[in-house]
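Heads up: the structure comes next, in structure tokens.
Reminder, nothing fancy here: chain letters follow the sequence lines and each chain counts from 1. Any value given below was found using the heavy atoms of this structure, including those in side chains, with hydrogens, waters and symmetry copies removed.
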Amino acid sequence: MIQIENITKSFDDVPVLRGISLTVEKGEFVALIGRSGYGKSVLLRHVAGLLKPDSGRVLVDGQDLTSLRGRELEALRSRFGFVFQGGALFDSLSVFDNVAFPLREKTRKSEEEIATQVRAALVRVGLETSEDKLPAQISGGMVKRTALARALVMEPEFLFFDEPETGLDPLTAQGVLDLIHECHRNLKFTGIIISHQLPRVFDVVDRVAVLHNGQIRYFGPPDGLERSADEAVRQLVTGRA
Amino acid sequence: MQPEVLTSNPTGFAPVVLLQQLGARALLLLARAGRMGIFLGRMVGFALTPPVKVARVVRRVHFIGFGSILVVMLTGAFTGMVLSLQGFYALSRFGSDAFLGPLVALSLVRELGPVIAALMVAGRAGSAITAEIGIMRNGQQLDALELMGLNPFRYVVVPNFLAAMISMPLLACLFDVVGIWGGYTVGVKLLGVSGGTYMGEIATYLEMKDIMGGIYKAISFGGIISWVCCYKGYYTDFGAEGVSRATTQAVVMSSVLILVWDYFMTSAMF
Ligand SMILES: Nc1ncnc2c1ncn2[C@@H]1O[C@H](COP(=O)(O)OP(=O)(O)O)[C@@H](O)[C@H]1O
Ligand SMILES: [Mg+2]
């Protein structure tokens, strides 16, 4: 379970998050939506412990992420998977080695076991024929799918996605979303996904959080969005200003 | 990390404003220096505590050390040759051109070998280190490492640090040897100093402490280059422009620091 308690964050005196509270239950999948530049990535980076809040805290299964350091933090993070907006693949490693990287560094598995697991993950995301290519040699959609495979291969309990389908053509984007959906059904991870694929992402998640002007303006099931009394929420969902 | 004074709007009396701005700049500089100091502390700390990623260190030695051999040999040869020319010109005025060998060797071993080799490594490998780490920062690869529960210092910074400290003394020695040989070629083959004298006098006058001094210098220069270049990459501003600025700054700053530190080490070792 992830509990975000009253987080605030400013950059150079400009407030980006003004008191955010959210609770994601175990096994639940939450979509974080909102307009560009409103701090969705910043919020997700707090949940992953990459940024420290000015005030407030993040609890993961009751442990205060903001106060953990060193080995304890590393141990907690081993249960996390994160799919970055740009993929964040290691440039110098092939698709295969990128996916194998966390297994090689974090587990004591033999190279054969690793190869089996990596191939399985690559098959799952449909990249089995590109395993020897470098990140610079594959398309944007393939980069995102590789990043997904790298996050999935560790079978994390918590998975965070920062716009995993942005910049892809509609069909590929739908494919990535379907893939994430399937993984959630199989692995039952606790997850947060930032997405602009409205309303498609609503089929994938249990609840939706709307971030607007540094605050959560809606948090509930997808089908309640249209009936929200909040003008900003309805505008975002209907796409009309 | 900006001190508050910078963002607060200075108002009023001109000298006060000036003082405020001066103070703000000083604070900013101090904050930066502090951040660099902390970076150095963490770098050394992680280097001294296992586990060390040996395979990565080896790969970095290949890049920083092996990759610099050609440029170090080239600059070493010409430095030795020009030293020989200039030295011969000066020494023959006192009729003491027999000491050409020790002059060339001492200049190289004590001073020019470590310094010029370090400057070459800063330009060739240091800039690449900054660019590489800067791109990793921008591409969120450092964040990705951290989120896998892996320490970016251990994976990216420490291997460069150790590799630079291993490579630099070897490169400096290579520079010395090639330089002495270059000096020999010019002095003996071109200017007519006797070959036996050139080499013989080197053996007489070059002491172990000169050689060790040069090696200590080279090791510390390796530390400086990797420290500055990793730091600049680690705290790169965003975008391609940020990376190119960081790279330039890294080379300039490590070169300046090498020369400043060289003075202090020389005066301490006298
Ligand atoms: N490290 C940072 N330093 C300064 N400002 C930042 C930083 N990260 C994000 N911001 C600012 O925070 C705001 C929200 O950014 P972000 O979370 O990336 O938006 P989005 O909702 O599109 O993901 C932006 O105005 C951005 O400029
Ligand atoms: Mg974003």
Measuring from atom CG of B:Leu145 to atom CZ of A:Phe90, what distance do you get when rounded to the nearest 0.5 angstrom?
4.0 Å

If you count the non-hydrogen atoms of other residues, nucleotides and ligands that lie under 6.0 Å from CE in B:Met265, is the total more than 12?
yes

Taking side chain as everything from C-beta outward and backbone as N, CA, C, O, which of these in B:Ile135 sits under 4.5 Å from a heavy atom of chain A? Side chain, backbone, both or neither.
side chain

Roughly how far, to the nearest 0.5 Å, is the CD atom of B:Glu146 from the CZ atom of A:Phe80?
12.0 Å

Dump the intermediate steps for side-chain contact (heavy atoms from CB on, under 4.5 Å) on B:Gln141 and A:Phe84, then the final yes or no.
CA-CA 9 Å; B:Gln141 295 169 38; A:Phe84 284 92; over 6 Å; no

Result for side-chain contact (heavy atoms from CB on, under 4.5 Å) between B:Met148 and one of A:Arg150, A:Glu74, A:Arg77 points to A:Arg150

Using only non-hydrogen atoms and a strict under-4.5 angstrom cutoff, which residues of residues 99-118 of chain A touch chain B?
A:Phe101, A:Pro102, A:Glu105, A:Lys106

Within the 4.5 Å heavy-atom criterion, are A:Phe160 and B:Leu147 side-chain neighbours or not?
no

Is it the case that more than 12 heavy atoms not belonging to A:Phe11 sit under 6.0 Å from its CZ atom?
yes

Neighbour count >12 (heavy atoms, 6.0 Å) for atom NZ, A:Lys26:
no

Under 4.5 Å to a heavy atom of chain B? For A:Arg79 that would be neither

Portion of A:Leu89 that has a non-hydrogen atom of chain B nearer than 4.5 angstrom
backbone

Might you confirm whether atom CG of B:Leu70 has over 12 heavy atoms from other residues, nucleotides or ligands at distances under 6.0 Å?
no

